[in-house]
Amino acid sequence: QVQLVESGGGLVQAGGSLRLSCAASGRTFSSYATAWFRQALGKEREFVAAIRRSGGSTYYADSVKGRFTISRHNAKNTVYLQMNNLKPEDTAVYYCAAAANYLYPTGPYDYWGQGTQVTVSS
């Protein structure tokens, strides 16, 4: 069982940056692939970025490629999402997810956090 807690969301102007963190419980965090998803108001949840267990492979949605960077620190049981050059369309609740048996960057994922709000003003 893994529990995920996101933090770092907030209000930022367009062009600004935020770094989201996802703290995981459990000693086997390094065994899980992890990802970030987001859901804007009135829209379906969408994939943002994923990272394999070792951190050696990363994947991004086209809409964030070149602006967002996913990373992980297994010793700290934490996954990060560095978001640069933010746009109003990045406004959403951002969720962290973890998968014990990784299949695809987009999922499926077994565990989810409660989400953190990111709002980008124009």
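Between the S25 side chain and the Q3 main chain, a donor and an acceptor come within less than 3.5 Å of each other. Side chain of E6 to main chain of C96: a donor-acceptor pair is present (N/O by atom type, distance under 3.5 Å, no hydrogens or angles). Remark: side-chain polar atoms of Y60 are paired, donor with acceptor, to backbone N or O of I70 under 3.5 angstrom. Between the side chain of R72 and the backbone N or O of R52 there is at least one donor-acceptor pair closer than 3.5 Å.
Between Y95 and Q39 the shortest side-chain heavy-atom distance falls below 4.5 Å. Residues R38 and T91 form no side-chain contact, since every pair of their non-hydrogen atoms from C-beta on lies 4.5 Å or further apart. Taking the side chain as every heavy atom from C-beta outward, S17 and V12 never approach each other to under 4.5 Å.
A distance of 4.0 Å separates CZ in F68 from OH in Y94, rounded to the nearest 0.5 Å. We find the CG-OG1 distance between L81 and T116 to be 11.0 Å, quoted to the nearest 0.5 Å. L20 CG to T78 OG1: the interatomic distance, rounded to the nearest 0.5 Å, is 12.5 Å.
The two residues V5 and Q114 have their closest heavy-atom pair at CA-OE1, 3.8 Å. When all heavy atoms are compared, the tightest approach of V93 to G115 is CG1-CA, 3.8 Å. A24 and V2 make their closest contact through CB-CG1, 4.2 Å (heavy atoms, listed as atom of the first residue, atom of the second, distance). Closest approach of P105 and A50 over heavy atoms only: O-CB, 3.7 Å. Heavy atoms only, all atoms of each residue included: R53 and Y102 are closest at NH2-N, 4.4 Å. For the residue pair S122 and A14, the shortest heavy atom distance occurs at CA-CB, 4.4 Å.
Residues Y59 and W112 are members of one and the same hydrophobic cluster, defined by side-chain heavy-atom contacts under 4.5 angstrom among Ile, Leu, Val, Met, Phe, Trp and Tyr. The cluster map of Ile, Leu, Val, Met, Phe, Trp and Tyr, joined by side-chain heavy atoms under 4.5 Å apart, puts I51 and Y32 in different clusters. Hydrophobic clustering keeps F47 apart from V64 (ILVMFWY residues linked when any side-chain heavy atoms are closer than 4.5 Å, directly or through intermediates).
Shown here is K65, whose NZ atom has more than 12 heavy atoms of other residues, nucleotides or ligands within 6.0 Å. Environment of CG in L103: crowded, with over 12 heavy atoms of neighbouring residues, nucleotides or ligands closer than 6.0 Å.
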Please lay out, stage by stage, how S21 and K76 fare under the test side-chain contact (heavy atoms from CB on, under 4.5 Å).
CA-CA 11 Å; S21 298; K76 294 184 177 180; over 6 Å; no
Could you go through the side-chain contact (heavy atoms from CB on, under 4.5 Å) check for R67 and D90 one step at a time?
CA-CA 11 Å; R67 299 187 298 122; D90 295 318; 2.8 Å; yes
Might you work through the side-chain contact (heavy atoms from CB on, under 4.5 Å) test for L4 and T34, ending with a clear yes or no?
CA-CA 10 Å; L4 306 171; T34 56; 5.8 Å; no
Please report the C-alpha distance between W36 and M83 in whole Å, then the side-chain angles of each, then the deciding distance to 0.1 Å, and finally whether the side-chain contact (heavy atoms from CB on, under 4.5 Å) criterion is met.
CA-CA 12 Å; W36 289 93; M83 305 185 295; over 6 Å; no
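Note: Y109 and F37 meet the aromatic proximity criterion, with ring centroids under 6.0 Å apart.
Seen from the ring of Y80, R19 counts as a face-on cation partner, given the 6.0 Å and 45° thresholds.
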